[in-house]
Novice: 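Next up is a structure, given as structure tokens.
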Amino acid sequence: MEPARLAAHPVGLTGRETASGGTPKPMPQPDNTEERAALDFFARKRYVNRTGEAFSLDIRFAVPSGITILFGASGAGKTTLLGCIAGLAKPEEGRIAVDSRVLFDSVAGIDVDVSRRSVGYVFQDLALFPHLSVERNVRYGLRGLDEAERERRIGEVLESFRIAPLRKRLPGDLSGGERQRVALARSLVTRPAVLLLDEPLSALDPPTKARILDDLRAWNRARRIPILYVTHSREEVFALGDRVLVLERGRVIAQGLPQDVLGAPRQETVAQLAGFENLFDARITAVHDDLGTMTCRLAPGSPAAIDIEVPLARIERSSAVRIGISAGDILLATEEPRGLSARNVLRGTLTTLEERDFKVLVRVDCGVSFAVLLTPGACRSLELAPGCKVWLVLKTHSCHLLRPTDDAASF
Amino acid sequence: MEPARLAAHPVGLTGRETASGGTPKPMPQPDNTEERAALDFFARKRYVNRTGEAFSLDIRFAVPSGITILFGASGAGKTTLLGCIAGLAKPEEGRIAVDSRVLFDSVAGIDVDVSRRSVGYVFQDLALFPHLSVERNVRYGLRGLDEAERERRIGEVLESFRIAPLRKRLPGDLSGGERQRVALARSLVTRPAVLLLDEPLSALDPPTKARILDDLRAWNRARRIPILYVTHSREEVFALGDRVLVLERGRVIAQGLPQDVLGAPRQETVAQLAGFENLFDARITAVHDDLGTMTCRLAPGSPAAIDIEVPLARIERSSAVRIGISAGDILLATEEPRGLSARNVLRGTLTTLEERDFKVLVRVDCGVSFAVLLTPGACRSLELAPGCKVWLVLKTHSCHLLRPTDDAASF
Amino acid sequence: MNWQALALTLRLSLITAGSLLVIGLPLAYWVAFSRRRWKFLLQTATSMPLVMPPTVLGFYILIAFGSSSPLGRLYQRWTGHTLAFTFTGLVVGSILYSLPFAVQPLVNAFVSIDPRLIDASRVLGASRLRTFFRVILPLSASGIATTIALTFAHTFGEFGVVLMVGGDIPGVTRTISIDVFDLVEAGRYGQANITSLVLLAVSFTVLALVYWWNRRAWPRTPWA
Amino acid sequence: MNWQALALTLRLSLITAGSLLVIGLPLAYWVAFSRRRWKFLLQTATSMPLVMPPTVLGFYILIAFGSSSPLGRLYQRWTGHTLAFTFTGLVVGSILYSLPFAVQPLVNAFVSIDPRLIDASRVLGASRLRTFFRVILPLSASGIATTIALTFAHTFGEFGVVLMVGGDIPGVTRTISIDVFDLVEAGRYGQANITSLVLLAVSFTVLALVYWWNRRAWPRTPWA
Amino acid sequence: PARASGQLTIAAAADLQYAMHALIVKFERQTGAHVRLVLGSSGNITTQIEHGAPYDLFFSADVEHPEILKREKLIVPGSLRRYAVGRLVVYVPKGSKLDFAREGLAALTDPSVQKIAIANPRFAPYGRAAVAALRHVGLYERLRPLIVLGEDVSQTTQFVVSGNAQAALTALSLMFAPGTRSRGNYWIVPAADYPPIEQAVVIVGRSTEKPLAQAFLHFAASSEGRSIFRDYGFTVPAPEKGQ
Ligand SMILES: Nc1ncnc2c1ncn2[C@@H]1O[C@H](COP(=O)(O)OP(=O)(O)OP(=O)(O)O)[C@@H](O)[C@H]1O
Ligand SMILES: Nc1ncnc2c1ncn2[C@@H]1O[C@H](COP(=O)(O)OP(=O)(O)OP(=O)(O)O)[C@@H](O)[C@H]1O
Ligand SMILES: [Mg+2]
Ligand SMILES: [Mg+2]
């Protein structure tokens, strides 16, 4: 693993840098802890249900400090993994160390008590103390500090998460997003050695989310502790993640930099998670070692089958594969393009046109149906409408060969 | 209000249309209820806290059947609004009618019992019955049907939400996303007259979310009931919403079609919610009635102030305004563009370059700093790097005049 | 060992516990969910039988059953005999005596239910009654177990009220606890010990079953 | 009206209720949170004092206090007198007698706490003890109120055990309930009625205060 | 109220239980009738009869309670009768060094005696007798701090049985209990030291078995019955005329 590439120039997302009202409030900056913290994780854990089904987690990974995104379908085992680190779930077997401090080791018989693990954990269901005010919830984890310092820290974090006006309220009187911010504040204020965030921003509106992401990035820069961050939002992955860990059914199926893992997924499930709009069954029909490409037939067997060129891979001729192509990587032209470096130019008919969030999703039938993402401006200037004859241009490297997973439906 | 424009050709988002494994499973299709249902809402409600602060909701709106997105900052009153419709929160004053059936009327003294309102409600905190299996949770609301029909419906909905394998489990043994799907299934299976969804997909991974959005769209097409859908995800707004209602501090501050409201927001808070990356303080310096534009000085007062053209609006010369521009609406060129229809061409220096989720966010200093969104391909072909001299092209209609809100920080 | 008395006591305890559940549920429901400001007064009132010495309580119950009270007269006119010194009278007395244990644990169980679940049930079209039986009751398992256990045990060991109201008539109102009492009074300590042990064993078994059943209720800890 | 007895009873009830809270909390904690499969047996055992007729229970307590029991001898050697017929003895007897009410409501309160809150507390670095005092206890307010109310009331009306263990010594072990009983036995019904009323009034006030306090605990309904 | 005929329900004061058991066994054998025995304190039984208890006969431990019932006209007129006189004993645990044979009640002043149990004199006849006896020997005021009260004679005895009191002033009739006899010794207090503990019996007015009740009373007053009372610790007065 390399140190964070993205976090090297982390700039605020939105809103904050604008000229709007208040100045950005930085997260509390602790006395610089320069040592390099890291998380070394290995655990096996099984659940067996009343109904006899079993879920088993079997995960091994090591990450340096910084934000690691946990990505995976619902039920993949993300929360269970966090539970193992926090000491709330006990693996049958495993070894978990944070910054060379062993928290759990089934062989050595080490199982550090939950309360001594110095873990910051924002639960998926928050678990705010219903009988304590916002302020007292946040204060809960702060001990052994003199009163002034404690007040200072609490004041800072309440400001930072914009919940200072709610400080006297009970959690029952807060909205969902307000509660989420309190939970975040509560876990950060203790300055933990490892931070576990289970979808901490899911109930927040974009501007609030952006501001808190800024704060988290700043926090991460200042503290350099391992942070595991569960999210289903691709946006958050790219905005925050130094690296991604993709889980499926209790296993790590991919890990690395966000753009490597999600930008060029090698498993179908990852591709689905990453939002590859175009996924095709295909068969390798020719291998061109000299060109560094292979020819691949989409929808083999069907009369409408088409061939495209894909990057060379260690794979047998006539193997069944799957091809994933991001809708944003496909170029569309209304006149036949010439003199292009791209090898894949497909002719087709525009079938539907759908506006989405400042983008237009266009479907083009080239034998198989492709989804193509365009800007509204491009759409207008090309005067696209259903029925148009169009050409699609696919760069070879935009065609991702995916290992089919055992079962396409991942849950 | 007009009937849905987007839902006119609603096509699945991702994943489902691909050749991947399983065939799409449609939502249970009820006997066609053709009558036009509608929601007519007016309510005033106040919370006064122990701490003396008050929150007041004062909302009036009417929507036809179809999906209406509730959009608004954390604490804006979305959940409270849904509570009023469901009968869980009692307005001090108001009138709420679904499809001309009056559920609440403070003047007429009508307050239909919660259980008779035929409301489907997915709570923000789900509220699954912890002692009932998934299947029995889903069955809970189904009464007065013969056994076979009930089984059929349950089977269908469990399949549809991919929770059939979990049917015997208790909610405590489910992951967060699994729970969310159960809650959705439970509220849809009763075929309610109005559907209230409070962030029902926040804990789901993109492919699952896409599938469920497809199902919801199909459901919506088939049933034509009013659906209020709370979300913070812009993507969901555009994927689902026939219209949007933006709340702020218990008031409706904007409503209409998603692209009208979020694409051309007229309030700063809406702009923030909609994710306008560029927001500037500005002053009108000239009004060109003939051209249908006004000249607007960004960062007035500063030596680096720049002028841009914006669409004409009913506003006084030298008024202070705010201008919002979406980063995706700005074109970038490395050579000075000529012969363009666009009136705003700004010269600047590229300062930073940041990859994000298959997009690149570029910052350009033109006196004030602009955020510009590009595709990675464009970025590469233009050989962009910090320090480059570039030109920005802004179409007049991409510059949105915003009414400043009282307080920029909306919470 | 007086098996007849044991059987009688078991019957009395079970009927009393059952009746108290039936009486306690609506009472507790009201105390738990009513919005009245003075509801804590009713709650207090249900605890009052505890405060009286049992024989004194029995004495007052006897008076209430007697022909000098309107209630007693009404019953006598209706059935031809007094409630006192009958098994039914014993049941009534025991119910009064153990009332506090029936109400309080149920109230606690009810108030600790997440109100969102009740909302959810109502929104799903369930009436208050259905909500009660399908959500509130199952989620109050431990409160119900406690109510059954405490009322059963209290009646099983009941003595003062029973003696006064029942009149210690063999086969009709002589319970096992009176039997033990008589044995101790009579200085037959050996027999008293045996009877005490049987009494303990029987009620231990019953209570253990109740708590064991409750132990198998749905689990609250999501972590294995 | 025997004010001395009333004061004595108040003192006894308060001390008993307080002691039982102190004893009941750890016991209930263990029953609620232990993973032992047989914990329901302990739970059952704590209910056993209820099952014995109070005078019989008192008799056995008396034997345990007496010179024939090792415990009793130890105490006698240590203090020079028997535990019986002293206020301390009365407290011990009352504690045993009301034990079931101390444990069960607390167990119920504990098990109904969302375990995630306990997890949250532990993750935030709180020891089990701190978690207990800062999270579990405050969230068990209604269970605690019930425990206090029931143990207080039960001791207030306590009679069989007190009589047996205390020996009815004025100012030392003569409680107000014995006083009422004596009055009834002696056929002084007028005085008995007055004393009963005072007894009811005093305990009603105390319990009403307890329940009223509990009523003001943090609210569970998010909807106004 | 319908009750199986030939069934007699007798309510008796607790101190009578051994005597009553013996009487009933004999009576049943002779008449073939069935008799149920209900034990309780005289006060309780009186209250119960006042409220309609289905008792036929009431053997009290005193005369006051039957008199109350008589005043309230709840008994068969003329059925009140004194049937026995109770006797007070001092009961001490086995191995007690107290020598009552030599010192009489004064032995209670021994420093080893820390607690003396008596029945509650407010309503228990033996309690009143105990106080009278102690007064008679002039020790009441001195021993008063040591006195603990039992609700009835049985409890008074139990204070000694359990090893918490060093002496109890109780009824001779209880000394026939196996558990009591095996755990202690007793000394009979001279009858002259206290007013006689007269005990009376009545037939309850609403009894449905009056002839059988009469028969039982006859049997109790017969020489066989009287000897049973004597055997179980009572003095029996000469038969009254006309009953
Ligand atoms: N106590 C339990 N008993 C049995 N199975 C369980 C238990 N807890 C969780 N599971 C199962 O283990 C799997 C992993 O659950 P986990 O909560 O870790 O998923 P997740 O990745 O966090 O999912 P989500 O994104 O939906 O929150 C799921 O299939 C779930 O059903
Ligand atoms: N019981 C209550 N007492 C006082 N204030 C309350 C209560 N419930 C909610 N509020 C306040 O009312 C406002 C609206 O709450 P609501 O839950 O409707 O917000 P929301 O729009 O759903 O927010 P979110 O997106 O965070 O869920 C918030 O400021 C909240 O703090
Ligand atoms: Mg999870
Ligand atoms: Mg909400």
Side-chain angles (χ1 to χ4, degrees), chain C residues 39-41 43-45 47-57 59-60 100-101 104-105 107-109 111-116 119 142-143 145-146 149-150 153-154 156-160 177-178 180-181 184-185 192 196 199-200 202-204 207-208 210-212 214-215 220-223, chain D residues 39-41 43-45 47-57 59-60 100-101 104-105 107-109 111-116 119 142-143 146 149-150 153-154 156-160 177-178 180-181 184-185 189 192 196 199-200 202-204 207-208 210-212 214-215 220-223:
Chain C
K39 65 181 190 177
F40 74 102
L41 293 178
Q43 201 177 2
T44 311
S47 300
M48 283 300 104
L50 258 190
V51 166
M52 299 294 284
T55 14
V56 176
L57 183 68
F59 172 71
Y60 286 119
F101 309 134
Q104 208 42 52
V107 169
N108 288 348
V111 299
S112 74
I113 291 173
D114 182 354
R116 302 301 287 163
D119 289 349
S142 74
T146 298
L150 292 186
H154 202 230
F156 211 85
E158 221 291 85
F159 156 71
S177 53
I178 294 187
V180 192
F181 173 77
V184 171
E185 286 280 281
S196 292
L199 195 151
L200 283 173
V202 170
S203 47
F204 191 94
L207 295 197
V210 170
Y211 286 129
W212 179 79
N214 179 40
R215 186 197 67 125
R220 316 236 12 162
T221 27
W223 300 104
Chain D
K39 66 180 188 176
F40 73 102
L41 294 178
Q43 201 178 1
T44 311
S47 301
M48 283 300 104
L50 259 190
V51 166
M52 300 293 285
T55 18
V56 176
L57 182 69
F59 177 67
Y60 287 120
F101 310 134
Q104 208 41 51
V107 169
N108 288 349
V111 299
S112 73
I113 291 174
D114 181 355
R116 304 299 290 161
D119 288 351
S142 73
T146 299
L150 292 186
H154 201 228
F156 210 84
E158 219 291 85
F159 156 69
S177 53
I178 295 187
V180 191
F181 174 80
V184 171
E185 281 283 283
Y189 301 130
S196 293
L199 196 150
L200 281 173
V202 170
S203 46
F204 190 94
L207 295 197
V210 170
Y211 286 128
W212 179 79
N214 179 40
R215 186 197 67 125
R220 315 231 20 158
T221 27
W223 298 103

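A, B, ... follow the sequence lines: proteins, then strands. Residue 1 opens every chain.
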Novice: When rounded to the nearest 0.5 angstrom, what distance separates OH in D:Tyr211 from OG1 in C:Thr44?
Specialist: 6.5 Å

Novice: Find the distance between CZ (D:Phe156) and CE (C:Met48) and round it off to the nearest 0.5 Å.
Specialist: 9.0 Å

Novice: With rounding to the nearest 0.5 angstrom, report the CG to OG1 distance, D:Asn108 to C:Thr146.
Specialist: 3.5 Å

Novice: Please lay out, stage by stage, how C:Phe204 and D:Leu41 fare under the test side-chain contact (heavy atoms from CB on, under 4.5 Å).
Specialist: CA-CA 9 Å; C:Phe204 191 94; D:Leu41 294 178; 3.9 Å; yes

Novice: Please classify the contact of C:Ala208 with chain D as side chain, backbone, both or neither, using a heavy-atom distance under 4.5 Å.
Specialist: both

Novice: Counting only non-hydrogen atoms closer than 4.5 Å, does C:Val184 touch chain D with its backbone (N, CA, C, O), its side chain (CB onward), both, or neither?
Specialist: side chain

Novice: Could you tell me which portion of D:Phe159 (side chain, backbone, both or neither) has an atom closer than 4.5 angstrom to a non-hydrogen atom of chain C?
Specialist: side chain

Novice: Rounded to the nearest 0.5 Å, what separates atom OG in D:Ser196 from atom CG in C:Leu57?
Specialist: 9.5 Å

Novice: If you count heavy-atom pairs under 4.5 Å with chain D, which of C:Val180, C:Val51, C:Leu207 comes out on top?
Specialist: C:Val51

Novice: Hey, would you say the D:Phe101 and C:Phe101 ring centroids sit under 6.0 Å apart?
Specialist: yes

Novice: How many angstroms lie between CE in C:Met52 and OG in D:Ser203, if you round to the nearest 0.5 Å?
Specialist: 8.5 Å

Novice: At their closest point, which heavy atom of D:Ser47 faces which heavy atom of C:Ala153, and how far apart are they?
Specialist: O-CB, 4.5 Å

Novice: Would D:Glu185 and C:Thr55 satisfy side-chain contact (heavy atoms from CB on, under 4.5 Å), going step by step from the backbone distance to the final call?
Specialist: CA-CA 10 Å; D:Glu185 281 283 283; C:Thr55 14; over 6 Å; no

Novice: Can you tell if the side chain of D:Ser142 reaches within under 4.5 Å of the side chain of C:Val107, non-hydrogen atoms only?
Specialist: no

Novice: What part of C:Ala45 is in contact with chain D, defined as an atom under 4.5 angstrom from a non-hydrogen atom: side chain, backbone, both or neither?
Specialist: both

